[in-house]
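So the structure is just underneath, and the comments pick up after that.
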There are 2 protein chains.
Amino acid sequence: MLGAPNRDRNAERREATRAEIIEAAWDVAREHGLAQVTLREVARRVGMQAPSLYSHFASKHAIYDAMFAQAWGDYRRVVEEATPPEHPRAAMRYFVRVWFDFTTADLARHQLMNQRTIPGFVPTPEAYSPAVEVLEGLRARLARFGVTRDEDVDLCTAVFSGLADAQLANDPGGDRWGRLVDRTADMLSDNLGLPALEQS
Amino acid sequence: MLGAPNRDRNAERREATRAEIIEAAWDVAREHGLAQVTLREVARRVGMQAPSLYSHFASKHAIYDAMFAQAWGDYRRVVEEATPPEHPRAAMRYFVRVWFDFTTADLARHQLMNQRTIPGFVPTPEAYSPAVEVLEGLRARLARFGVTRDEDVDLCTAVFSGLADAQLANDPGGDRWGRLVDRTADMLSDNLGLPALEQS
DNA sequence: GTCTATAGTTTGATAGAC
DNA sequence: GTCTATCAAACTATAGAC
């Protein structure tokens with residue numbers, strides 16, 4: 001009898017090709033804009049003809065979908081691997097900072113993650129699930145500080161993204177709103193009634 | 001000699017046609033999305049053939065440009081005609097409310113005013129000027145309350161738009177973030193050190 | 001799995017008659 | 001100022017050979 005190999009080299013290469021395509025799509029998005037991603041250009045960069053992409057993705061939207069999932073998956077990993085400070089106020093600063101830095105680092109990624117800029121594109125539930133988990137993670141972390149009401153969490157998310165949006169929209173590549181991260185976090189902490197930092 | 005007429009009926013009708021075209025474009029944008037506005041569909045609604053639009057606008061972007069100018073002009077008018085409350089804290093609530101209601105009332109308009117969702121479209125300086133004036137107006141009004149530093153104004157604008165963005169992105173047509181308008185305004189007032197409302 | 005060839009569609013814009 | 005006719009281009013997607 002033939003022993004079943006414990007690695008599927010075909011599947012591995014297939015997955016590698018998919019990753020290559022997605023990476024090329026990100027490159028195009030960053031250089032020319034998210035909506036300007038074309039199959040021809042993506043294919044050109046991976047050394048294929050456009051129709052060959054259909055061996056790996058069912059449609060162009062499927063590529064966007066994979067990019068969406070990857071982006072939110074990356075952010076989830078960033079959040080999960082990091083260890084926020086113990087103190088609630090310090091943690092709040094940390095949450096805002098991590099979100100701000102991640103979001104403002106890549107405009108195309110921000111547009112895909114947080115805006116509906118691609119006509120007709122709606123992420124599939126599977127692609128969307130990392131985003132849901134991120135929000136649940138935030139909810140859980142805030143709950144440890146006694147922040148449990150939906151409206152409190154909603155206030156946080158709105159203020160978080162407002163800051164990053166303003167930075168990208170009005171001063172891309174700059175620091176004008178980045179300088180307000182700590183202050184904004186403290187403002188939220190005040191409003192939520194988080195305990196003051198002990199002074200020594 | 002011929003007396004010069006004091007009304008140019010041709011110019012008036014021309015202007016009326018332009019307005020009609022812009023209105024049709026808004027209708028399409030609201031029904032199908034801002035990026036899905038096509039000259040054919042706009043023309044159809046005003047009873048023209050697509051090429052006829054070029055008698056009134058030099059390009060499709062010129063239509064977007066006029067829409068952009070109109071949207072910010074409308075908001076400027078709303079802000080200028082309104083009389084905010086005297087008290088700083090009440091005024092802050094008022095500012096946020098006006099912005100929130102105007103922005104969330106029309107997603108397509110919001111995308112055109114505040115996001116860069118149309119590939120390649122950049123508003124002309126003339127179209128942009130109402131937006132600048134709105135910001136200057138806010139700056140002036142905040143200055144009356146002693147809020148003069150750029151970073152204070154930046155904080156306000158970021159929080160304002162964050163709230164409206166969250167509403168449109170996560171609960172369009174709903175009220176989940178609308179309920180946070182007053183609270184958010186108060187949070188800003190606290191942070192800016194605005195005087196407390198006198199209690200009776 | 002990649003290719004060539006091409007279908008099929010949509011779109012912005014121009015030329016020129018009236 | 002509006003029309004018809006048409007261009008020119010771009011794009012996604014499919015069919016079928018290899």
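Chain naming here is simple, since letters A, B, ... match the order of the sequence lines and numbering starts at 1 in each. Remember, it's a predicted structure, so these values are computed and weren't measured experimentally.
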Please confirm whether the shortest side-chain N or O distance from A:His56 to OP1 or OP2 of C:dT2 is below 4.0 Å. yes

Tell me whether the OP1 or OP2 atom of D:dG1 has a side-chain N or O from B:Ser52 closer than 4.0 Å.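 So the side-chain polar atoms of B:Ser52 never come under 4.0 Å of the phosphate oxygens OP1 or OP2 of D:dG1.
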
Can you identify which nucleotide, out of D:dT12, D:dG1, C:dG12, has its nearest atom closest to the A:Tyr54 side chain?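 Minimum distance to the A:Tyr54 side chain belongs to D:dT12.
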
From the options C:dC3, D:dT2, D:dT12, select the nucleotide whose nearest atom is closest to the side chain of A:Pro51. C:dC3

What is the distance, to the nearest angstrom, from the [atom1] atom on [X] to the [atom2] atom on [N]?
| X | N | atom1 | atom2 | answer |
| --- | --- | --- | --- | --- |
| A:Lys60 | D:dC11 | NZ | P | 8 Å |
| B:Gln49 | D:dT6 | CD | P | 14 Å |
| A:Arg44 | D:dA10 | CZ | P | 14 Å |
| B:Ile118 | C:dG12 | CD1 | C1' | 14 Å |
| A:Phe121 | D:dC11 | CZ | P | 19 Å |
| B:Met48 | D:dT4 | CE | C1' | 16 Å |
| B:Phe57 | C:dG12 | CZ | C1' | 16 Å |
| B:Arg18 | D:dG1 | CZ | P | 12 Å |

Specify whether B:Phe121 and B:Tyr64 have parallel, tilted or perpendicular ring planes, treating 30° as the upper limit for parallel and 60° as the lower limit for perpendicular.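 Taking B:Tyr64 first and then B:Phe121, their aromatic rings sit tilted (interplane angle of 30° to 60°).
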
Taking the six-membered ring for Trp, are A:Trp177 and A:Phe100 closer than 6.0 Å centroid to centroid?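 Here the rings of A:Phe100 and A:Trp177 have centres that are no less than 6.0 Å from each other.
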
For a side chain to side chain contact (heavy atoms under 4.5 Å, CB included) check, start with the C-alpha distance between B:Met48 and B:Val42, then their side-chain angles and the critical distance, and finish with the verdict. CA-CA 8 Å; B:Met48 287 182 184; B:Val42 172; over 6 Å; no

Map A:Thr38 and B:Ala50 onto DNA chain D by nearest heavy atom, then report which one ends up closer to the 5' terminus.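 Nearer the 5' end of the strand: B:Ala50.
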
Is it possible for you to check whether A:Arg109 lies under 6.0 Å from the centre of the six-membered ring of A:Phe102, through NZ or CZ, and within 45° of that ring's axis?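 Pair A:Arg109/A:Phe102 counts as cation-pi.
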
Distance criterion of 3.5 Å, no angle test: do you see the side chain of B:Arg40 paired donor-to-acceptor with the base of C:dG12? yes

Does a side-chain heavy-atom distance below 4.5 Å link A:Asp106 with A:Arg30? yes

Students often get this wrong, so: under 4.0 angstrom with heavy atoms, is [X] touching a base, only sugar-phosphate, or nothing?
| X | result |
| --- | --- |
| A:Val37 | sugar-phosphate |
| B:Ser59 | sugar-phosphate |
| A:Gly47 | sugar-phosphate |

